Amino acid sequence: MPAVYDLANRGLLPPGFSLIGFARRDWEDEDFAQVVHDAVKQHSRTPFREEVWQQLIQGMRFVQGNFDDDEAFEQLKATIQELDKAQGTGGNFAFYLSVPPKFFPQVVQQLKKHDLADAPQGAWRRAVIEKPFGHDLASARELNAIVHEVFAPDQVFRIDHYLGKETVQNILALRFANQMFEPIWNRSYVDHIQITMAEDIGIGGRAGYYDGIGAARDVIQNHLLQLMALTAMEEPASFDADALVAEKAKVLGAVRLPKDLGSSTVRGQYAAGWQGGEKAVGYLQEEGIDPKSKTDTYAAIKLEVDNRRWAGVPFYLRTGKRLGRRVTEIAVVFQRAPHSPFDHTATEELGHNAIVIRVQPDEGITVRFGSKVPGTSMEIRDVSMDFAYGESFTESSPEAYERLILDVLLGDANLFPRTEEVELSWNILDPIEEYWDSHGKPAQYPAGTWGPTEADEMLARDGRSWRRP
Amino acid sequence: MKIDLTDTTSSKINKALVKGRRAIGTPAVGMVLTLVIVTDEENAYDSLKAANDASREHPSRTLVVIKRAARSPRDRTTSRLDAEVRVGVEAGTGETVVLRLYGEVIDHAQSVVLPLLLPDAPVVVWWPVNAPLDPANDPLGALAQRRVTDTYAAEDPIGELTSRAAAYHPGDTDLSWTRITPWRSMLAAALDQIACKVQSVQVDGEEFNPSCELLAMWLADRLDVPVKRALSPGPGLTGVRMETDCGPIVLDRADGSLATLHIEGQPNRAVALKRRETAELIAEELRRLDPDDTYASALKYGVERLGEPAAPVTETGRDKDAEQGKGADEAADAKKAPAKKTAAKKAAAK
């Protein structure tokens, strides 16, 4: 909602833009408007302006009903038609389906049944869906079939808010608009790539959703594999949705799982501990969690990409809850210089060169390389060169949702994963989940640390170590 | 710019750091390391001042961990974290976070520090006082590549050297060792000038100053000759005498700032060997972050192999001026009143 307001405030919404809420709650239009008003006041990025709010509130309605209630959908239809006349929306509707997975088929069918999903000539009907996009390949296919039966594939927008972040879009700019990075972006120079998404919070009140899903399904399948695809893909022929999806699908299709899943994947569960100065309970002690649960709150996997550019370069993906701090980063770690004219003691502290893309917080890019420590002796140590969005572009960057909602209205699908990407991602993750189901149980790690020791050992076996993000 | 946070968490402190950096217009992070200072309230000010001075050479994020003693039983059971975030002119050339820990969180200080470490950059932990017996296995020490202790500040400095040797892990170092760097380079340079063999060595210094022991152990370890210690009134180290085949080499510093280097057959030379401020020591310590193998080797030589120090410095038979004799009386006074040890030492350290 704040994102919608921000768009309106920046003058990017058409004047007749209308918003209809549909839920089980017993609300009037005014109640709905009040909730939106509060959310906007508290969270919007741009300052609150009364005239913008007045513009928005003109087209704000609420329809109360259950998902199986035919009458309510008729009511919804009537409201839409009324608004269409009153506000002049031109018969263009987007349905933002923020519903639990189990209601999904029903809602989509209702939309079809009440003739809400068929666009007349010259207008459009779009569907926006949030993750999870299924919980394995079979369920993802089923879900896609249900949605595509009603909405055309190019009218379905899967929201992955990570892809709306400036830095993520900047990966493509960094790689393909510049000359200095792409020549070294391959197996001749890159040693390995680490993609980390860490959260410092636990599952909070989401026990019902989280248990049985776990970190790998919740994060790796969508966010991390998307980040990996953007980092590893070849240059698209053009910057449009079809060309991008073709390249992303190619690289996801080239992903190969290691033969021994036992030694190249790790999953964990946070145990009781201290996080950032506060006491934290363990996952199994969280309210609503089965004390015998095998759900992973930490997952680390090693993947390889079988193509000419990346053969032999491992991609290490990790995510977890209750880790050291909240951070999402992509680190491209380079090989050491093939020959060093300096003696061993001079370069003892020199690490690998690296380019780190900070997705959040404090979006930006860091380049790490060695430099001489001032003084009479030759001593080389890592230093970093920093690019921060907050410094180089002082206007605060649009929120991810702001950008993505605007793209939906414009029908620009560049930043939305397509069906084939979702299915390819499950293809990668399914064998790992199956292996985990039948082998062992998650390793425990104290809350507030950087994950289980097994994950450190996994990289140590390859002669590498996790960065401290 | 200063931001005060009470009853806070590490994630809020991180947000305050980003906010502070943006507010002063330097959001880029050029800092090369994280320095964690673990101390009590009494020593926090001096340590932080030293660290800020050192940050001119090594821009760093400085985290001061102050463990506050609880006054009442109720305070001991509640847990609280207060923080003071300083960026810009108030924090040298880096960023400073002063963390005050109350109650239960005192035992979990590493959970507060870990989220505040700079990404990738090396971590140095410095205990100005009350260093743990096994720094590498201390929860905070385990986060660091380099662990700096100061045996000079300990109650029993010489005994502490023995336990440091027993618990040594690569990356450990001590400011008493840093203090003798200029002495070591001067002595090594003197020996480079002549082609004679050293037969024996004597190190003079004040009592309870572990630098004397470390210098003696270093010489004994490297030269493989008998090394004796003799007590002097200080300040600090006062002299080293090396007997060689072709006469003695003497490096003598009576006043704590200007020394004389005497080599047989050569004119006497003046050498500036000023006792240095803590800031300079820390700056030097941060220059190299790889394990100090020379320190390890000297430390492991073992204090007990040096034997007992000879008491009065005048027994060494060196012709000294009257000032030296006066100092010897003071040394005797100090020995009579061991209770005043700490106070005397602090006065001498200046």
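Predicted model only: the values in this text are computed from it and were never measured. Each chain gets a letter, A, B and so on, in the order the sequences are listed, and its residues count up from 1.
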Relative to each other, are the rings of A/Tyr162 and A/His223 parallel, tilted or perpendicular (30° and 60° limits)? tilted

Any chance you could lay out the salt bridge (charged side-chain N to carboxylate O under 4.0 Å, His left out) test for A/Arg358 and A/Glu329, step after step, and finish with the verdict? CA-CA 5 Å; A/Arg358 302 195 305 271; A/Glu329 287 182 350; 5.4 Å; no

Would you mind checking which part of A/Arg467 comes under 4.5 Å of any heavy atom in chain B, side chain (CB onward), backbone (N, CA, C, O), both or neither? both

Determine the option with the most heavy-atom pairs under 4.5 angstrom with chain A, choosing from B/Pro119, B/Ser111, B/Pro122. B/Ser111

Any donor and acceptor pair, going by atom type alone, linking the side chain of B/Arg61 with main-chain N or O of B/Leu116 inside 3.5 Å? yes

Between B/Asn14 (side chain) and B/Pro115 (backbone), is there a donor-acceptor pair under 3.5 Å? yes

Relative to chain B, which segment of A/Thr366 carries a heavy atom at a distance below 4.5 Å: side chain, backbone, both, or neither? neither

Salt bridge (charged side-chain N to carboxylate O under 4.0 Å, His left out) between B/Arg147 and B/Asp172: does it pass, once the steps are laid out? CA-CA 5 Å; B/Arg147 293 164 294 275; B/Asp172 287 2; 2.7 Å; yes

Give a yes or no on this: more than 12 heavy atoms of other residues, nucleotides or ligands lie within 6.0 Å of atom OH of A/Tyr189. no

Between B/Gln110 and chain A, which part of the residue has a heavy atom less than 4.5 Å away: side chain, backbone, both or neither? neither

Chain B contact via A/Pro361 - which portion, at a heavy-atom distance below 4.5 Å: neither

Side chain, backbone, both or neither: which part of B/Ser79 has an atom under 4.5 Å from a heavy atom of chain A? side chain

So, B/Arg68 and B/Asp82, do they make that salt bridge, N to O below 4.0 Å? no

Residue, of B/Leu81, B/Thr8, B/Thr9, that accumulates the most heavy atom pairs under 4.5 Å with chain A: B/Thr9

In terms of side-chain geometry, is the basic nitrogen of B/Glu84 or B/Arg86 positioned less than 4.0 Å from the acidic oxygen of its partner? yes

Suppose a student defines contact as a heavy atom less than 4.5 Å from any heavy atom of chain A. Which residues in residues 281-289 of chain B would they list? B/Leu286, B/Arg287, B/Arg288, B/Leu289

Should the ring pair B/Tyr295 and B/Trp177 be called parallel, tilted or perpendicular, given that the plane angle runs from 0 to 90° and is split at 30 and 60? tilted

